Amino acid sequence: MSIVTRFAPSPTGHLHIGGARTAIFSWAYARKNGGKFVLRVEDTDQTRSDASMTQGILDSMAWLGLDYDGEAVYQSQRFDAHNAAVDKMLETGHAYYCTCTPDEVEAMREKARAEGRKPKYDGCCREKGLGPCEGAVVRLKAPLMGTTVFEDLVKGHIAVDNAELDDMILRRSDGTPTYNLAVVVDDHDMGITHVIRGDDHVNNTPKQVLIYQALGWDVPKFAHVPMILGPDKKKLSKRHGATSVMEYQKDGYLPEALVNYLVRLGWSHGDQEIFTKDELFEVFDIVNLGTSPSVLSPEKLNWLNQHYIKESSVERLVGLLPEFLEEAGASNVDTSLLAKIIPELQARAVTLKDMAEKALFFFVDAFPIDEKPTNKLLKQDHAVIDERLNDLAEIFGDIDDFDKESLEGAFHRYMDKHSLKFKDLGAPVRLSLSGQGGGIGLFDMMELLGKDKVVTRLKGWKATLIKE
RNA sequence: GUCCCCAUCGUCUAGCCUGGUCCAGGACACCUGCCUUUCACGCAGGCGACAGGGGUUCAAAUCCCCUUGGGGACGCCA
């Protein structure tokens, strides 16, 4: 049997990392088994969906590299198929018209709740034999007794008493299909064999199984992936910081780092932490999905991101970084200079944004100053610092071959002559040139900065380091 | 409230199905040391968990039950 999986986002918001993760699982599972991975946009809620959101989701998937097979299916264009299924159930007696108003149904739910039962529609119109009329909905005539069961590929055997289930609405009074109906019809028509989705759909599954049965269709296999929780162990939401794929992109994460992080969240393959796309397609399997919810760890994502930054080619980073440098305040970035800086920063930056901030002083003269090391330095006698930095400015100004060997030689001669330790001289030089307490090799930095900037910044150290 | 699900280091997890090789392995974070002109990287160590209680068994992280804790769902949303 050829496997077909799907990702079915509703365009009511950005692509969430939870959604992205189930998409990754579905994608990897299909690829690993030589099957197909298809995309269906669930845009049936006209009031909450719009085209820009759909485009955002498509963009995020493209950025992550989640390629789907064939054309995207839009659920809003499949109303005819949905309605045909409802009509079929009406004909076979598996569905009926109901004229209860929303208020009346709400009252039934209140009553059930008050009696300690699960809130649900009480089946008022079930046996009335009503025909189509203004304001009527179509409900599923669900079995009153028995149990609905399914074998979840992640959770195993799940059974729910039919008494817990509702005669759910299949078609609204305005003639549009409801979610559970549309999902079943679409998954069936699209030939989906494995429905991989979030845990929040476990409770929908028995309802959907009932629809499959009413329609006489084969039920696909289900795999419900545990949720992603915020650090407070609550369902992930905006207040947990970055939750949309787009935000991670803006924050300077590499797509392969996010994919690698997300795929390892709730899934594992022995002790392996790093997975290339090809390795995933080699080893991914649903049986290795975990059963309990997982908490997001920004630190681990950072570690992976740094790993992938180290692995990246300089050319690639040269292409990506200008955007972040400009965001940080630079303009007209010299890419040939950038190409020389990047190798020095790959092991020192966690994100592209971080790298841009660390490189900014090469491109602008008004760069930010690290408070802590600066304050420490300024506790020393300013006159002494001034004398030394001006001496060095003179000495460096006279160097014709402004390369790191010459600079290092001159620096050490001055250091020895005045019996100074490296850090005594290195710290003020570094701070006045870069505003940072650490970073790339001091002499590499000076060579890359060039004589003019080095001399100017050494002489102007007071203006840059002393505030107010 | 009702139903469904879950429970190994702070976090992600291996092990659980097919009990003994586990006084529980790996990774992130944290700490120490080494390397080093700084900061990183890298390397070597360290800290750190089977939620609790009952069973079953010669033997339980692994099987069963209860308790507790956590998550999700109960819409003419998806």
Side-chain angles (χ1 to χ4, degrees), chain A residues 8-12 42-45 47-49 75 98 100-102 105-106 109 112-121 135-139 152 154-156 158-161 163-166 168-174 176 178-180 182-183 198-207 224 226-227 229 231 233-235 261 264-274 287-288 290-304 306 310 344-350 358 373 408 411-412 415 421-423 425-427 429-431 436-443 445:
Chain A
S10 64
T12 53
E42 310 220 319
D43 56 347
T44 52
D45 187 346
T47 58
R48 294 202 301 153
S49 307
Q75 198 163 53
C98 165
C100 294
T101 66
V105 176
E106 185 48 41
R109 280 196 272 264
R113 218 186 295 265
E115 290 168 5
R117 290 180 293 116
K118 192 165 183 159
K120 52 185 263 194
Y121 171 70
V137 299
V138 176
R139 287 183 181 275
D152 193 282
V154 174
K155 297 172 178 299
I158 294 182
V160 177
D161 276 347
E164 291 296 324
L165 271 18
D166 234 6
M168 78 192 104
I169 293 178
L170 267 13
R171 181 195 287 159
R172 301 185 185 99
S173 54
D174 67 359
T176 59
T178 56
Y179 169 74
N180 282 120
V183 166
D199 216 346
D200 45 344
H201 286 289
V202 190
N203 297 278
N204 279 326
T205 308
K207 300 179 189 180
H224 288 98
M227 308 264 81
L229 272 28
K233 307 211 175 183
K234 293 267 188 276
K235 191 180 182 181
Y261 175 70
R264 263 297 275 111
L265 193 63
W267 175 83
S268 61
H269 183 252
D271 287 339
Q272 192 171 344
E273 296 288 350
I274 307 290
V287 299
N288 298 310
T291 49
S292 52
S294 19
V295 175
L296 219 50
S297 165
E299 290 80 16
K300 191 153 186 179
L301 205 212
N302 284 342
W303 171 72
L304 278 164
Q306 180 166 54
K310 282 188 286 184
E344 304 295 332
L345 253 23
Q346 279 174 286
R348 297 179 228 258
V350 170
K358 287 186 160 77
E408 188 165 6
F411 186 92
H412 275 100
M415 220 172 75
K421 285 182 178 161
F422 189 93
K423 64 174 182 183
L425 207 50
V429 169
R430 177 179 291 282
L431 275 166
Q436 296 171 21
I440 80 174
L442 191 59
F443 306 108
M445 188 172 96

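Letters A, B, ... are given to chains in the order of the sequence lines, protein chains preceding strands, and every chain is numbered from 1. Here the structure is a predicted model, which is why all the values come from computation and not from measurement.
- Here B/rU11 sits opposite B/rA27 as a Watson-Crick or G-U wobble pair (both hydrogen-bonding atom distances under 3.5 Å).
- In terms of the ring pair (Phe, Tyr, Trp, His ring centres under 6.0 Å) criterion, residue partners of A/Phe443 (sequence neighbours excluded) are, by chain and number, A/Phe411.
- Within the nucleic acid shown, A/Ala159 comes within 4.0 Å of sugar-phosphate atoms alone, with no base atom in reach, counting heavy atoms only.
- Heavy atoms of A/Leu265 sit under 4.0 angstrom from primed sugar atoms or phosphate atoms, though from no base atom.
- Using a 4.0 Å heavy-atom cutoff across all strands shown, A/Thr44 reaches sugar-phosphate atoms only and no base atom.
- Using a 4.0 Å heavy-atom criterion, one finds that A/Ile440 contacts the bases of the nucleic acid, with or without backbone contacts as well.
- When both pairing distances are held under 3.5 Å, B/rU56 makes no Watson-Crick or G-U pair with any nucleotide shown.
- Residue A/Glu273 is in base contact, counting any heavy-atom pair closer than 4.0 Å across all strands shown.
- The side-chain contact (heavy atoms from CB on, under 4.5 Å) check on A/His269 picks up A/Trp267, A/Gln272, A/Phe275, A/Val283, with sequence neighbours excluded.
- Contact check on A/Lys155 versus A/Asp199 returns a salt bridge, with a Lys/Arg side-chain nitrogen under 4.0 Å from an Asp/Glu carboxylate oxygen.
- Rounded to whole Å, the C1' atom of B/rU56 lies 8 Å from the corresponding atom of B/rC63.
- Comparing the same atom, C1', in B/rG25 and in B/rC66 gives a spacing of 31 Å after rounding to whole Å.
- Remark: the separation of the P atoms in B/rC30 and B/rC77 is 48 Å, to the nearest Å.
- Nucleic acid contact class of A/Arg109 (heavy atoms, under 4.0 Å, all strands): sugar-phosphate only.
- Between A/Lys120 and A/Val160, the residue anchored closer to the 5' end of RNA chain B is A/Val160, taking for each the nucleotide with the nearest heavy atom.
- Counting non-hydrogen atoms under 4.0 angstrom, A/Gly441 reaches a base of the nucleic acid.
- Straight-line distance between the P atoms of B/rG26 and B/rC3: roughly 43 Å, to the nearest whole Å.
- With sequence neighbours left out, the salt bridge (Lys or Arg N to Asp or Glu O under 4.0 Å) criterion links A/Glu42 to A/Arg40.
- Residues forming a salt bridge (Lys or Arg N to Asp or Glu O under 4.0 Å) with A/Arg348 (at least two apart in sequence, or on another chain): none.
- A/Lys310 comes within 4.0 angstrom of the backbone, heavy atoms only, and of no base.
- Taking atom P on both B/rU11 and B/rC43, the two are 26 Å apart, rounded to the nearest angstrom.
- Two residues, A/Gly290 and A/Asp43, neighbour RNA chain B, and the one matched to the more 5' nucleotide by heavy-atom proximity is A/Gly290.
- With sequence neighbours left out, A/Arg117 forms a salt bridge (Lys or Arg N to Asp or Glu O under 4.0 Å) with A/Glu115.
- Across the C1' atoms, B/rA73 and B/rC58 are found 45 Å apart, a figure rounded to whole Å.
- If you check every strand for non-hydrogen atoms under 4.0 Å, A/Ser292 touches sugar and phosphate atoms only.
- Here the side chain of A/Lys120 pairs a donor or acceptor atom with the backbone of A/Leu165 at under 3.5 angstrom.
- In this structure, A/His224 reaches neither bases nor backbone, as no heavy-atom distance under 4.0 Å exists between it and the strands shown.
- Within the 4.0 angstrom heavy-atom criterion, no nucleotide atom of any strand lies near A/Cys98.
- For B/rC74, the paired nucleotide is B/rG1, the pair qualifying as Watson-Crick or G-U wobble because both relevant distances are below 3.5 Å.
- A/Asn302 comes within 4.0 angstrom of no nucleic acid atom, judged by non-hydrogen atoms across all strands.
- Under the 4.5 Å side-chain criterion, counting only non-hydrogen atoms from C-beta, A/His224 is in contact with A/Thr205.
- Reading RNA chain B from its 5' end, the first and the last nucleotide to sit under 4.0 Å from a heavy atom of chain A are B/rG1 to B/rA78.
- Residue A/Val137 is classed as a base contact, given a heavy-atom separation below 4.0 Å to a base.
- Side-chain contact of A/Asp174 with A/Thr176: a donor-acceptor pair under 3.5 Å is present, judged by distance alone.
- Taking a pair to require two hydrogen-bonding distances under 3.5 Å in either a Watson-Crick or a G-U wobble arrangement, B/rG42 pairs with B/rC34.
- Using P as the reference atom, B/rA61 and B/rA51 are 10 Å apart when rounded to the nearest Å.
- Nucleic acid contact class of A/Gly116 (heavy atoms, under 4.0 Å, all strands): sugar-phosphate only.
- With both ends at atom P, the span from B/rU68 to B/rC12 equals 24 Å, rounded to whole Å.
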